[in-house]
2 protein chains.
Amino acid sequence: MASIQDVASLAGVHRSTVSRIINGEGKFRSDTRRKVEQAMATLNYRPSAIARSLATASSNMTGLLVTYYTGGFFGEMMEQVQNELDLHKKFLITAQGHHSADGEREAIDRFHALRCEGYVLNSRYLSDDELRELAAESTPFVLLDRLVEGLEDRCITFDHTLAAKMAVQHLIQQGHRNIACISGPMDRISSQQRYQGYLLAMQEAGLPVNPGLTVFGDYKRESGYQAVRELYQTGMTFSALFSCNEEMMLGAVLYFHEHAIDIPRQVALISFDSVDLCQGLYPPVSEVYFPLSEMAQSAVKLLISKINDTSFWGPQHFAPQLRLR
Amino acid sequence: MASIQDVASLAGVHRSTVSRIINGEGKFRSDTRRKVEQAMATLNYRPSAIARSLATASSNMTGLLVTYYTGGFFGEMMEQVQNELDLHKKFLITAQGHHSADGEREAIDRFHALRCEGYVLNSRYLSDDELRELAAESTPFVLLDRLVEGLEDRCITFDHTLAAKMAVQHLIQQGHRNIACISGPMDRISSQQRYQGYLLAMQEAGLPVNPGLTVFGDYKRESGYQAVRELYQTGMTFSALFSCNEEMMLGAVLYFHEHAIDIPRQVALISFDSVDLCQGLYPPVSEVYFPLSEMAQSAVKLLISKINDTSFWGPQHFAPQLRLR
DNA sequence: ATGAAAGCGCTAACAT
DNA sequence: ATGTTAGCGCTTTCAT
């Protein structure tokens, strides 16, 4: 691939002149400009972003760490992040954490290796302490959907506990007393919080919490199906069900349909949302909305404000909202 | 951030020695190694991938172009691409084509700017001619789900026509004669092919093709819903329905449910698949499987073989498969 | 086993 | 308005 020197030689000027023309700095005689532009065209010249990065000490790259890519959740984040970065002509580097602290650490290492100007972390496995240590380094980063004490100004957060509580409260208001819960894995903080919300709503309403009415799944569709089966097999009685994520709700709904259990007559449903998977369901299933897109957008804007050292205006904390159907 | 020179100075050696130790080339006195490692640790040194790229003239980066990110389709590709690249310690750069040829062109420009070693294109808007021109340049690329004459060795392909045909043939074998079709937008080649497949199946079975039985949607859920409504409003009679994608099938199913139309008694369904969205549906909906994951994996492996100039073993052409439910 | 020196493609003072 | 020069952080011959 042609270099700036090749262009300069062909145009009969010095490479710094070519550089200036590319970057539009200063004035040039029109025939100089013409010669250079012609040379660039004939050589099909593209400036090397890499060389430029080294020379300017700014990589123009931004990192995004996620746990995994499949399922639509990540795409939703990525869409926002990429769009915003496109506006600023920045490159996006993605990396996946592979469901482990080591994986996340390695991903961040790569961001550092590329001298990313900053990065957005949807970290689920790094400890608060480790994140605080990371914050001591000079590269700015933002935490998406996580609250770490001491790093509040880098956090974009959502109140999972309250969201779950609101969902369950809605069921309670409908007159339900025996409310089952399909929870997520307890090694994830947001899962714990959602489960907490369920417990809180029950307790505050003075309803007894029957441990047998909670089944712990793994956020996958199949586990939602199995959870409901388990509930019935253990002889539980419930008139409503709260699922801590959409995929498991889909599995649950499948079970209800297969066993001709009438929704919402025999069982009322409400789900925690992520990417609107339940929207197509029939009968419709209410959800408590998780504003991932908006949060991702805020995250990247917050990050850019940190990179450019400007002030950030948007919201950092997002409130849950019921979507009744 | 500390540079290699900082490490060298602190360790009291020359920077080329540090470089060699990092890259494990040659032998070193154990105390030299110790001093250098210590210096790297205290300075928290990370080699700059950018500087390294410039020096070695290999960016270690690979590009991936997609049309958009949301909806799960992209995540499926990304998962495979990233996993494979991780194995080779390569960086992934993503870019979106924004539903236009200009957008795709710009995305590829960025790959060139970063001196990507190669890229995977899920291009929908660049013309065959333009892609052939692009192939004349030195950077290797692979086309995912596209067949361009003259570039066969860079293509990972799927027979959309045959897939659609098989789906419709299945319905015909079940005894259906009036088969409706929800097609995608005709400006997309794969949409045309799928619609072709529908027509072919009907014709080969000697069934009349009623133009009123085809409705053209936009691949979104809502348009599937509207399509079915339109079919009924125009007084069409059909006992089976083929949808050219999953989202539209979800919309259609919603309509059927809302209007108490019995599946599969009153209307039998089969859908073109992409990310298994229909899997959770009840009653179950059969699909013709689109092996996106496998194709993406092949694409990136093919690309890497081109980059490394080794030979490629996997499949380049994928055959459709029915998934009856 | 390690140092010296050149160079990767570009930018950014500093000259003229 | 344009040329000169010195880097940016690293690798890679070539010496020693």
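Numbered from 1 within each chain, the chains take letters A, B, ... in sequence-line order.
Take the nearest nucleotide of DNA chain C for B/L54 and for B/T17: the residue whose nucleotide is more 5' is B/T17. If B/A57 and B/R29 are placed on DNA chain C by their nearest nucleotide, the residue sitting closer to the 5' end is B/R29.
Looking only at side-chain heavy atoms (C-beta outward), A/Q82 and B/T94 come within less than 4.5 Å of each other. Between A/F141 and A/L143, some side-chain heavy-atom pair lies under the 4.5 Å cut-off.
Between B/R34 and B/D31 there is no salt bridge, since no side-chain N of the basic residue sits under 4.0 Å from a carboxylate O of the acidic one. Salt bridge status for B/E106 with B/R110: absent, with no side-chain N to carboxylate O gap under 4.0 Å.
Looking at heavy-atom distances under 4.0 Å, A/S53 makes no contact with the nucleic acid at all.
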Report summary line: Whether each nucleotide of nucleotides 10-16 of chain C has a protein heavy atom under 4.0 Å at its base (B), only at its sugar-phosphate (S) or at neither (-) is summarised, 5' to 3', as BBBBB--

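Of the possible donor and acceptor atoms, one in the side chain of A/S298 sits under 3.5 Å from a partner among the backbone N and O of A/P315. A/D6 contributes a side-chain N or O that, together with a main-chain N or O of A/S3, makes up a donor-acceptor pair within less than 3.5 Å.
When the shell of 6.0 Å around CD of A/E294 is examined, it contains more than 12 heavy atoms from other residues, nucleotides or ligands.
Here the P atom of nucleotide C/dG9 and the CG atom of A/D6 are 8 Å apart, to the nearest Å. Put simply, CE on B/M1 is 15 Å from C1' on D/dC8, counting in whole angstrom units.
In this structure, the helix from C/dA1-D/dT16 to C/dT16-D/dA1 shows an angle of 40° between the axis at its start and the axis at its end, each fitted on 5 base pairs and rounded to 10°.
Listed by first then second residue, pairs satisfying side-chain hydrogen bond (donor to acceptor under 3.5 Å, both in side chains) with a partner in residues 142-159 of chain B read B/D128-B/R146, B/D145-B/H160, B/D153-B/K306, B/T157-B/H317, not counting sequence neighbours.
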